[in-house]
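Contents: one structure, followed by commentary.
Note that the structure is a prediction, hence the values are computed from the model and not measured.
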Amino acid sequence: MPTTGSSFCSKTLNLIFFLLPLILLLAPLSAWSKTTYEARNKEYLTVCGDPNHMPFSNKKLEGFENRIAKLIADDLNRTLRYHWWPQTIGFVRNTLSIRLCDLVMGVTSVNELLQNTNPYYRSVYTLVYRKDSGLALRTLNAAKLNDLKIGVVAGTPPATLLSKYGLLDQVRPYQRTVDTRLYSPATRAVEDVADGTIDVAVIWGPIAGYVASRQETPLSVIPLPAKVDSVPLAFNVSMGIRRRESNWKHQLNLELEKLSPNIEKILLEYNIPLLDRDDKLIQH
């Protein structure tokens, strides 16, 4: 017998009333899962790293980021493993974002492509010159710079200041965005100071301190002020994770706090100029 209009409406209403509590129950769970769902392997600490970017990382696990990652993995009782990708344009998109890993070790704390942990160190741009040069430079606006060949990585904050001070005629630019498997511009700039190709380089502290310490020619590495003429030269460095992974962020922050003395010791072993919260240099 065909269903009448009234009986059909009655059955429909009964179905809605039956399903409504279930819908209301599941809706919050669905919203919650979108904001806190963290599909991470709890047996491994999988890091996306650059295979040839010392002193940060390499495939031989010789970088300070490799060592710090091992500290964290051991403390979490997880096996450390890597997915390698050159740290250039598209690094986050091609690694962390598509879940090839759960952690990127070193990112500036203002990076908008991912979620940052608390900073685990703070460093600053530096001046690098030969100790036998007779120079005693401490700033970028020194009159002596007018007669010198200056190396700087294009697009970095010191390049802005050199332009402001009218020193671009003395500047030898080094590329910023490269395939690190083939070339390291900042490393090359420090090496060029050592062999006399240029007189002074203005380089990010972690690279300057490490590379300078490995040259046969003794080099001076002079940290610049944290800010010069409203241009910041000191930056916090954090670890990067995917957005909405709040539990993972909290766990990592606890690890960073717990392992802070060990992390600082590793960084100083690589001759990295470290700043404290008052932007004073931490002595080795």
Side-chain angles (χ1 to χ4, degrees), residues 30-70 72-73 76 78-123 125 153-157 159-160 173-188 203-204 206-207 232 235-253 255-256:
S30 176
W32 178 85
S33 66
K34 289 181 181 178
T35 58
T36 64
Y37 179 62
E38 302 182 22
R40 290 180 289 103
N41 189 312
K42 304 299 170 43
E43 296 181 13
Y44 297 94
L45 175 63
T46 307
V47 176
C48 285
D50 193 305
N52 185 38
H53 193 28
M54 290 294 287
F56 306 101
S57 66
N58 67 7
K59 278 191 174 182
K60 296 180 180 180
L61 307 184
E62 296 171 323
F64 67 80
E65 289 180 353
N66 300 129
R67 290 180 59 185
I68 294 170
K70 185 67 164 58
I72 295 172
L76 293 173
R78 299 185 190 181
T79 300
L80 177 63
R81 63 183 183 182
Y82 280 89
H83 182 84
W84 300 110
W85 193 277
Q87 197 157 1
T88 185
I89 294 174
F91 177 79
V92 174
R93 182 179 67 251
N94 290 300
T95 57
L96 187 71
S97 295
I98 58 174
R99 297 187 176 275
L100 294 179
C101 61
D102 297 315
L103 183 64
V104 174
M105 289 299 297
V107 294
T108 56
S109 297
V110 294
N111 194 308
E112 297 179 353
L113 297 176
L114 36 68
Q115 180 178 197
N116 296 103
T117 65
N118 291 339
Y120 65 104
Y121 74 93
R122 180 172 175 82
S123 193
Y125 278 87
V153 176
T156 58
T160 300
Y174 293 77
Q175 288 178 276
R176 183 177 185 179
T177 303
V178 297
D179 187 336
T180 54
R181 293 170 296 185
L182 305 174
Y183 182 55
S184 175
T187 296
R188 181 71 258 175
I203 298 298
W204 176 232
I207 299 174
F235 297 90
N236 291 328
V237 178
S238 304
M239 297 178 185
I241 62 175
R242 284 178 290 275
R243 297 189 182 279
R244 296 186 297 276
E245 294 189 340
S246 56
N247 294 333
W248 181 218
K249 178 179 180 178
H250 178 68
Q251 188 175 15
L252 283 171
N253 284 338
E255 288 295 312
L256 293 176

What is the minimum heavy-atom distance between Trp248 and Asp102, and which atoms define it?
NE1-O, 2.9 Å
Could you tell me the separation between the CG atom of Leu252 and the CD atom of Gln115, rounded to the nearest 0.5 Å?
9.5 Å
Identify, with sequence neighbours excluded, every residue that meets side-chain hydrogen bond (donor to acceptor under 3.5 Å, both in side chains) alongside Tyr174.
Asp192
Spell out, as yes or no, whether a donor-acceptor pair under 3.5 Å connects the side chain of Tyr125 to the backbone of Pro232.
no
Quick one, Met54 and Thr187 - any side-chain contact, counting heavy atoms below 4.5 Å?
no
Can you name the side chain to side chain contact (heavy atoms under 4.5 Å, CB included) partners of Asn116, sequence neighbours left out?
Val107, Asn111, Leu114, Ser238
Over 60° means perpendicular and under 30° means parallel, so tell me whether Phe56 and His53 are parallel, tilted or perpendicular.
tilted
Give a yes or no on whether a salt bridge exists between Arg99 and Glu245, defined as a side-chain N under 4.0 angstrom from a carboxylate O.
yes
Are Leu256 and Ile72 packed together at the side-chain level, in the sense that at least one heavy-atom pair is separated by less than 4.5 angstrom?
yes
Taking the six-membered ring of Tyr44 (Phe, Tyr or Trp), confirm whether the NZ or CZ of Arg81 is under 6.0 Å from its centre and within 45° of its axis.
yes
Side-chain contact, heavy-atom cut-off 4.5 Å: Tyr120 with Ile68?
yes
Measuring from Ser123:OG to Ile207:CD1, what's the distance to the nearest 0.5 Å?
10.0 Å
With a 4.5 Å cut-off on side-chain heavy atoms, are Gln251 and Leu76 touching?
yes
Evaluate side-chain contact (heavy atoms from CB on, under 4.5 Å) for Arg78 paired with Glu43, printing each intermediate quantity in order.
CA-CA 5 Å; Arg78 299 185 190 181; Glu43 296 181 13; over 6 Å; no
Does some side-chain heavy atom of Met105 sit less than 4.5 Å from a side-chain heavy atom of Val47?
yes
In the structure I gave you, are the side-chain heavy atoms of Val104 and Phe91 within less than 4.5 Å of one another anywhere?
yes
Grab the two heavy atoms, one from Leu96 and one from Arg242, that are nearest each other, plus how far apart they are.
O-NH1, 2.9 Å
Test side chain to side chain contact (heavy atoms under 4.5 Å, CB included) applied to Asn118 - qualifying residues, sequence neighbours left out
Asn253
Within this structure, what is the SG-CH2 distance for the pair Cys48 and Trp84, rounded to the nearest 0.5 Å?
10.0 Å
Roughly how far, to the nearest 0.5 Å, is CE of Met239 from CD of Glu255?
9.5 Å
Say you draw a straight line from CG of Asn58 to CG of Asn66; how long is it, rounded to the nearest 0.5 Å?
6.0 Å
For the CD atom of Glu65 and the CG atom of Asp50, what is their distance to the nearest 0.5 Å?
9.0 Å
Mind checking whether Thr95 and His83 have side chains closer than 4.5 Å, heavy atoms only?
yes
Assess, by modelled atom type and distance only, whether the side chains of Tyr121 and Asn236 contain a donor and an acceptor separated by less than 3.5 Å.
no
Using the side-chain contact (heavy atoms from CB on, under 4.5 Å) rule, take Trp204 and Val153 through it: C-alpha gap first, then chi angles, then the decisive distance, then the call.
CA-CA 9 Å; Trp204 176 232; Val153 176; over 6 Å; no
Locate the shortest heavy-atom distance separating Pro55 from Pro206; write the atom from each residue and the value.
CG-O, 3.4 Å
